[in-house]
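Whatever order the structure lists ligands and atoms in, that order sets their numbers, starting from 1. Basis for what follows: all heavy atoms, side chains included, without hydrogens, waters or symmetry-related copies.
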Amino acid sequence: MTALNDEPLRIGARTFTSRLLVGTGKYKDLDQTARAIDMSGAQIVTVAVRRVNIGQDPSQPNLLDVLPADRYTILPNTAGCHTAEEAVRTCRLARELLDGHNLVKLEVLADHKTLYPDVTETLVAAKTLIADGFEVMVYTSDDPILAQRFEAMGCVAVMPLAAPIGSGLGIRNPYNLHLILEQATVPILVDAGVGTASDAAIAMELGCDGVLMNTAIAGATDPVLMASAMRKAIEAGREAFLAGRIPRKLYASASSPLDGLFFG
Ligand SMILES: CC(=O)[C@@H](O)[C@H](O)COP(=O)(O)O
């Protein structure tokens, strides 16, 4: 559902009414995956091509059997890739498996402890993929200069982390997100580190165009209920952003007029 008075989210040539993007890892089984994603209202669902079967192994259950193609835009991602070469190869495999689908989420990770992006390798991969006709949504650190570089190269969305993947630490650096947002002309989608609904709402209140999350929903005690909470948080945060918050002030100002009191 779109927030009141909102425009659709535009990524490349595609438009979406939901601003919540979800992952498919860490669920108990395919049934729980399908139910939580359904409840989230997400239209873009990201899949780790190196880890999840979307046709690589025809003898195993295929995730796409529970995510109808007429309802969801599948966003193949390069999770598990640590070099530009691996990431490019993975995107090309995804394009073959998905009949020429060219929208991908690029992530090239630096190490296992932080799962921070290796931005040098990510820049190389993004350049190759864009030249090869891919529409690249790029996972990156919350560095405004890098965000600008990725946009200038032609990435269709820039996806700064809120906190390390799977950490649930929430929005660690709202000031950097603000700097990224004020210069961006492509969608800025927070990706990774959201822990609960208020984190998602904060990202949207800052003016982010959307949020991608996985662990906060899949790892919740009740993933379907958390998916519902996230859907509402994204919409509430977006509406609050569009509505324009009041300025923060150090001192009080009375909520009702002080003139003309009934009792002197
Ligand atoms: C960058 C990446 O891989 C994300 O898609 C990640 O999976 C989401 O991070 P969380 O699991 O912290 O939401």
Tabulating one pair per line, provide the atom names and distances (0.1 Å) for every N/O atom of ligand 1 that is less than 3.5 Å from a protein N/O atom.
unit_1, atom_1, unit_2, atom_2, d
ligand 1, 3 (O), Glu107, OE1, 2.9
ligand 1, 3 (O), Glu107, OE2, 2.8
ligand 1, 5 (O), Lys105, NZ, 3.2
ligand 1, 5 (O), Asp191, OD1, 3.2
ligand 1, 11 (O), Thr215, N, 3.0
ligand 1, 11 (O), Thr215, OG1, 2.5
ligand 1, 12 (O), Gly166, N, 2.7
ligand 1, 12 (O), Gly193, N, 2.9
ligand 1, 13 (O), Asn214, N, 2.8

> Are side-chain N/O atoms of Asp199 and Thr196 paired as donor and acceptor at under 3.5 Å?
Replying inline: no

> Going from CG on Asn77 to CZ on Arg51, what distance comes out if it is rounded to the nearest 0.5 angstrom?
Replying inline: 8.0 Å

>> Rounded to the nearest 0.5 Å, what separates atom CD in Gln43 from atom OG1 in Thr15?
In response: 8.5 Å

> Between Thr215 and Lys26, does any side-chain donor sit less than 3.5 Å from a side-chain acceptor?
Replying inline: yes

>> If we count only N and O atoms by modelled type, under 3.5 Å, do the side chains of Asp57 and Ser59 hold a donor and an acceptor together?
In response: yes

> If you round to the nearest 0.5 Å, how far is CG of Leu109 from CD of Glu86?
Replying inline: 10.0 Å

